[in-house]
Amino acid sequence: MTKMTWQAPRIESMTLPSLNKFGRRRLAADAQSAIDGVSVETLVERYGSPLYVTSESRLRANIRRITQAFSSRYPKVIHGWSYKTNYNGAVCSILHQEGSWAEVVSRFEYEKARALGVPGDRIVFNGPNKPRPILERAIAEGALIHVDHADELALIEAIAEERRERVPVTLRLNFKTGYSEPWSRFGFNLESGAARAAIKRVKGSRHLRLNGLHSHIGTFILDPRAYAAAASTLCMLAREIEADGTRLSYIDIGGGLPSNNALQGIYLPPEQSTPDLDEYAEAICRAFLDGTAYRLENGEERPALVFESGRAVIDDAQSLITSVVGRKETADGRPAAILDAGLNALFTALWYDHPVRLASPARGELRDTVLYGPLCMNIDVLRHSVQLPPLAVGDRLVIAPVGAYNTTQSMQFIEYRPAVVLIHGDREVSLIRAAEDLEVVCAQERLPAHLAPAARQTAAPVPALRVAGG
Ligand SMILES: *Cc1c(COP(=O)(O)O)cnc(C)c1O
């Protein structure tokens with residue numbers, strides 16, 4: 001009798017390669033060979049890979065649809081474009097042309113908005129760090145200052161006293177909505193009493209004037225009821241404040257509207273899990289109409305409704321083209337591809353499952369594939385699992401939506417940052433940010449004289465490595 005050789009037990013996961021997570025068989029991968037009528041291949045030939053591609057027509061359609069959703073329901077609406085979401089100069093300029101004000105959260109963003117020609121009185125200045133010099137400039141230029149904490153309030157009061165004037169301020173508040181994760185680190189907390197104390201302090205100051213209330217409850221808020229609750233709370237406070245004759249010029253409901261991106265861990269596709277923008281506008285405007293005693297006073301409509309959407313405006317107006325540079329198989333036998341763009345260019349891959357399309361027609365059956373970025377870092381994975389046909393070196397992939405929080409958060413880590421182009425008019429393409437090179441990345445470095453290349457040659461020779469025991 002022959003003895004069977006022992007084999008170590010193995011557990012293998014069952015894979016159903018061509019079924020998507022709803023159990024449906026997808027016959028072919030979605031292919032996308034062009035963006036706004038311009039072929040992906042042409043774009044890469046002219047501007048290189050990876051490449052961010054921005055659609056001007058989509059961006060304009062988005063901002064018009066979103067502002068229309070609000071202004072058809074409430075008579076005085078102002079949109080503040082959130083610079084940190086995507087502060088490319090061309091992107092901001094398109095939105096300012098469409099009538100959006102600037103919403104900035106730092107000295108850099110304030111200076112950028114001014115450099116792009118936005119007048120100070122159309123800048124909403126948020127953020128927890130406003131150093132004195134930029135605060136002085138913003139006050140002198142009539143910016144809408146949104147106060148984050150008591151020390152900042154004291155600083156503004158001191159500046160106002162020096163200027164011998166009453167500076168209008170808006171208080172950022174935070175509170176529970178019951179339908180969203182509470183964000184308590186920004187602004188004055190309502191439940192603790194800090195918000196009412198700040199209101200009292202502003203009202204009691206000879207150098208300050210209460211101009212508005214602000215709250216930004218979070219980001220990618222999936223329940224419109226959170227906004228209805230936030231708007232009602234702000235309106236209730238506004239009525240309380242106005243009881244003594246004080247008049248607020250606006251109430252700012254912040255940003256946080258979701259885009260059609262696929263959040264990790266949410267089972268339903270975004271078309272099913274994300275409410276329509278109209279539902280948000282309806283919830284907010286209804287609460288404003290019920291809660292503010294909106295009226296015309298001395299020919300002026302008040303209070304204005306300010307909102308600061310970033311993500312919902314830009315996300316689907318930008319795509320990232322990336323190329324396959326190599327292929328691998330994972331240890332568990334799945335196909336993997338190495339791409340020329342990773343977390344350095346697509347930071348939001350940490351919390352989204354970005355849709356990925358092949359630019360060329362698919363060949364072969366879909367398989368559960370891993371997409372690695374180019375960084376020499378284990379965490380650099382763009383998709384841990386995505387259904388794709390077999391990939392070849394040189395294949396182009398189109399990843400979208402990527403317009404929110406990617407170009408602004410992209411890193412000069414290991415790789416140069418890619419170019420950004422804008423498609424406009426009749427398939428015209430303009431470069432709106434050149435790809436980086438060695439000169440750009442090292443521009444701010446300084447080499448002390450004793451380390452300059454010439455000095456190095458005359459320095460003591462580096463001792464040769466000695467072989468151990470030799
Ligand atoms: C980031 C930010 C926004 C924009 O948020 P989105 O989620 O992109 O809409 C608006 N207001 C403030 C104060 C912010 O910090």
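Computed from a predicted structure; not experimentally measured. All ligand and atom numbering here is 1-based and tracks the order in the structure. This chain uses plain numbering: 1 for the first residue, then up along the sequence.
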- Message: Does this structure show an ion pair linking Glu240 with Arg196, if we count only N-O contacts that are shorter than 4.0 Å?
- Response: yes

- Point-to-point distance, once rounded to the nearest 0.5 Å, from CZ of Phe347 to OG1 of Thr407: 13.5 Å

- Task: Give the atoms of ligand 1, by number and element, whose distance to some non-hydrogen atom of Asn126 is under 4.0 Å.
- Result: 13 (C)

- Is there a nitrogen or oxygen of Ser82 sitting under 3.5 Å from a nitrogen or oxygen of ligand 1? no

- Number the atoms of ligand 1 from 1 as they appear, then name those within less than 4.0 Å of a heavy atom of Arg172, with their elements. 13 (C)

- Would you say Arg311 has any N or O atom under 3.5 Å from an N or O of ligand 1, going by distance alone? yes

- Which residue and heavy atom of the protein sit nearest atom 7 (O) of ligand 1, plus the separation: Thr219 OG1, 2.5 Å

- Note on the structure: for atom 12 (C) of ligand 1, nearest protein heavy atom and its distance come out as Glu308 OE1, 3.5 Å

- Glu181 atom CD: more than 12 heavy-atom contacts under 6.0 Å: no

- Message: Ring-plane angle category for Trp81 and His79, please: parallel below 30°, perpendicular beyond 60°, tilted otherwise.
- Response: tilted

- Hey, which atoms in ligand 1 end up nearer than 4.0 Å to a heavy atom of Ser309? 9 (O)

- Message: Between Asp316 and Arg58 (salt bridge meaning N to carboxylate O under 4.0 Å), is one present in this structure?
- Response: yes

- Query: Is any N or O atom of Gly256, backbone or side chain, closer than 3.5 Å to an N or O atom of ligand 1?
  - Reply: yes

- Task: Please confirm whether Lys84 makes a cation-pi placement over Tyr405, using NZ or CZ under 6.0 Å from the six-membered ring centre and within 45° of the ring normal.
- Result: no

- Query: Which of the numbered atoms in ligand 1 are below 4.0 angstrom from a heavy atom of Thr85?
  - Reply: 8 (O)

- Query: Between the side chains of Glu157 and Ser205, does any donor sit under 3.5 Å from an acceptor?
  - Reply: yes

- Task: Can you pull out the closest protein heavy atom to atom 1 (C) of ligand 1? Residue, atom name and distance to 0.1 Å, please.
- Result: Lys84 NZ, 1.4 Å

- Query: Does ligand 1 have any atom sitting under 4.0 Å from a heavy atom of His146?
  - Reply: no

- Query: Once the angle between the rings of His214 and His146 is folded into 0 to 90°, is it parallel (under 30°), tilted (30 to 60°) or perpendicular (over 60°)?
  - Reply: tilted

- Distance only, no hydrogens: is a donor on one side chain within 3.5 Å (strictly under) of an acceptor on the other, for Tyr227 and Ser180? no

- Message: Suppose we measure from atom 8 (O) of ligand 1 to each protein heavy atom; which comes out shortest, and what is that distance?
- Response: Tyr405 OH, 2.6 Å

- Below 3.5 angstrom, do we get any N/O pair linking Gly310 and ligand 1? yes

